[in-house]
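Note sheet for the following structure.
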Protein chains: 2
Amino acid sequence: MAHKTTLKAIAEHLNLSISTVSKALADSPEISDATKLVVKTAARQLKYRPNAMARGLKSSRTKTIGVVIPNIMHNFFAKVIMGMEDEATKNGYSLVTCISNESLQKEKQSINMLSDVSVDAIIISLSSETQQTEELEHLNDILYFDIPLVQFDRVNEKLLSHSVVINDFKGAYDSTMHLHKTGCRHIALLSILTNTSVGKKRAEGYEAAVRELGYEPKIINTKLENLEADLSAFLKDNDLDGIVTTDESSAIYAMNALRINNRRVPDDVGVIGFTDGALARNYFPPLTTIKQQAEIIGKRTIQIAIESLEAKTKKDPIQETIETELVIRKSTRTI
Amino acid sequence: MAHKTTLKAIAEHLNLSISTVSKALADSPEISDATKLVVKTAARQLKYRPNAMARGLKSSRTKTIGVVIPNIMHNFFAKVIMGMEDEATKNGYSLVTCISNESLQKEKQSINMLSDVSVDAIIISLSSETQQTEELEHLNDILYFDIPLVQFDRVNEKLLSHSVVINDFKGAYDSTMHLHKTGCRHIALLSILTNTSVGKKRAEGYEAAVRELGYEPKIINTKLENLEADLSAFLKDNDLDGIVTTDESSAIYAMNALRINNRRVPDDVGVIGFTDGALARNYFPPLTTIKQQAEIIGKRTIQIAIESLEAKTKKDPIQETIETELVIRKSTRTI
DNA sequence: CTGAAAGCGCTAACAG
DNA sequence: CTGTTAGCGCTTTCAG
């Protein structure tokens, strides 16, 4: 098989020393323009590409950033990754992405592996298991070694790291208020995100709005599998003309359940979701939803990671909140 | 800041030589059980983790596999990645994933970067630009250096690499035949995948079925943005009672367009899609679709990559075809 | 059974 | 301006 050309190979080819070649390619002022030219053309001809491992071993900088997400099937995370990829590439970094699949153990493994390959920084959105157990040792290890850590979306505030989250409280608050404006007076929260930080924040936002409006919160905690049954049961015993959900899928499931129970959307019940994905846009009726600005989160997350790893001195954690946007479509009445 | 513990650190800690420590941790028979024990406990205490770069530099094996996909927002690719991640982890490999965003240039960059970090194998699904231009030099370079290459889904047969694809021809053929069985006699193909290998294969399957049934194929080539307009125009001039689409989104868009044109699904027009994602399952009516077995593709793809890179001798390219499955839901009439 | 030494490909002092 | 040398952390002969 052919083998990759190394500095040594070009050096021998040109009867120069390895270090001269290295410096020439790095455009060092120590080297004459003449030899630079010779070296560079030779390098191009021989298709020289520097070995990132060797370079990394020397400089302990790898120009890679590790990312751990709980789940890739979720539209939100896919979009975040897009935003990250884009921003990372622009800055000459590449991403190595791991999926924890909501499991603490897999998350630990991923963190270990990222640490093994010496990524320059780590970005993470916590698995639901991690959020429940609050076991954070693996992440504290990262901080201990001064590897920049930035959490996003599902974060734990006990961890002294950078973070970027959306304003979940305000998103849910705004949703509730919007339903109220369209005439809803019996608004419930339908949540399948009971275990995560974002789920809790959204519940708080909903509660605050409802209390401000002067009535009692009604929260249905369920799972996607049981949603239809639980919502149907709820409908038997309660007045309901508005639903705030914690995510896109449960909004869709809720609308399907409402249809089965002969409630029309939005005439009988208004529905608002979180995450502005393909489902929300293309369902019938199209879903009014809270847009999470996923690409922007991805972008900021990378920017903070790079800033942090390139900083000479360690700075205080940056906590950033990205504002959401209410996208009004047809699952809520017009005002 | 703290620094990671190295072999040297444990060696000094225990007054042993670096090589002894290395061998002890590798369970070499040269080392006595007593010292092995001492070394291993020390390693655990000091949280030793081998530096993957140093190891890779020495062994030229990194236990990482590079993956390039055109797009991550598409449910199919997200699922494939899940399947890959899972299988890779099981075998002690990790993935570094790049997104070409359908751009040839980005694809080249990704390939270069993967080659720089010395991944042990590369898995790719071609960008649409690559499929159009058929520029394959960057991929031939990979083969030239004997790095195992496995293409999936969107492949180019001129490239002498392993590949795993679904039976696109049969999927489209079966779809068409199924529509026929439910009574459709004017079946069109609605394609937004004109430029890709899979789009062509699916068109061929549709054409074969239609010819077998004794009438002329009607193919609407369009883009997602123009789909509604193009389909509406088509409806004016043509009889139509069945649509085979090349993907999930266009099936949904088609159903929305049909609704606007006052055609009921499935009573007036039957619709079948490709890709069995959340949209297909949760739309109203739920979409009859061709399931692509994405996780299986991901899994096989990794297996072939690992087999290939661990083989002592180079073997002939493996070409694998995964069969699809027709999932019958409510967007087609019952037989 | 343990240790010394070479070398993977690269960078960067330091000499010349 | 160019070359020699050391060393990043690890594996692996080869000596002891």
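Chain A is the first sequence line, chain B the second, and so forth, proteins listed ahead of strands; every chain is numbered from 1. Side chains are part of it too, since the values below use all heavy atoms of this structure and drop only hydrogens, waters and symmetry mates.
Among residues at least two apart or in separate chains, salt bridge (charged side-chain N to carboxylate O under 4.0 Å, His left out) pairs with a member in residues 298-307 of chain A are Arg300(A)-Glu320(A). Within the structure, salt bridge (charged side-chain N to carboxylate O under 4.0 Å, His left out) contacts touching residues 25-39 of chain B (residues at least two apart or in different chains) are Lys23(B)-Glu30(B), Asp27(B)-Lys36(B), Asp27(B)-Lys40(B). Each salt bridge (charged side-chain N to carboxylate O under 4.0 Å, His left out) pair with one or both residues in residues 91-108 of chain A, not counting sequence neighbours, appears once here: Glu102(A)-Arg154(A), Lys106(A)-Glu85(B), Lys108(A)-Glu135(A). Pairs passing the side chain to side chain donor-acceptor pair (under 3.5 Å) check and including a residue from residues 64-80 of chain B, sequence neighbours excluded, read Thr62(B)-Thr64(B).
Atom CG in Asn51(A) sits roughly 16 Å away from atom P in dG9(D) (whole-Å rounding). As a whole-Å value, the separation of Met53(A) CE from dC10(C) P is 10 Å. When rounded to the nearest whole Å, the span between NZ of Lys4(B) and P of dC8(D) equals 16 Å. Residue Lys8(A) contributes atom NZ, which lies 15 Å from atom P of dT5(D) at whole-angstrom precision. In this structure, the CG atom of Asp27(B) is 13 Å from the P atom of dT11(D), given to the nearest Å. Between the CG atom of Leu14(A) and the C1' atom of dG3(D) there is a distance of 15 Å, rounded to whole Å.
When the local axes at the two ends of the helix from dC1(C)-dG16(D) to dG16(C)-dC1(D) are compared, using 5 base pairs at each end, they differ in direction by 50° after rounding to 10°.
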Original post:
Once each nucleotide of nucleotides 11-16 of chain C is scored for protein heavy atoms under 4.0 Å, what B/S/- sequence comes out, 5' to 3'?
Top reply: BBBB--
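Applying the salt bridge (Lys or Arg N to Asp or Glu O under 4.0 Å) criterion to Glu310(A), with sequence neighbours excluded, gives no partner residue. Gln45(A) meets the side chain to side chain donor-acceptor pair (under 3.5 Å) test with no other residue; sequence neighbours excluded. Residues meeting the side chain to side chain donor-acceptor pair (under 3.5 Å) test with Asp116(A), sequence neighbours left out: Arg49(B). Residues meeting the side chain to side chain donor-acceptor pair (under 3.5 Å) test with Glu12(A), sequence neighbours left out: none. Contacts of Asn195(B) classified as side chain to side chain donor-acceptor pair (under 3.5 Å), with partners at least two apart in sequence or in another chain: none.
Remark: Ser60(B) is not in phosphate contact with dC8(C), judged by side-chain N or O atoms under 4.0 Å from OP1 or OP2. Contact between the side-chain N/O atoms of Ser32(B) and the OP1/OP2 oxygens of dT2(C) is found at a separation under 4.0 Å. Ser17(A) has a side-chain polar atom (N or O) that falls below the 4.0 Å cut-off from OP1 or OP2 of dG3(D).
Between Phe152(B) and Phe77(B), the two ring planes are perpendicular [angle over 60°; tilted spans 30° to 60°].
Near-neighbour residues of DNA chain D inside residues 33-46 of chain A, defined by a heavy atom below 4.0 Å, number-ordered: Thr35(A).
Under a 3.5 Å cut-off, the side chain of Thr5(B) and the backbone N or O of Leu46(B) do form a donor-acceptor pair.
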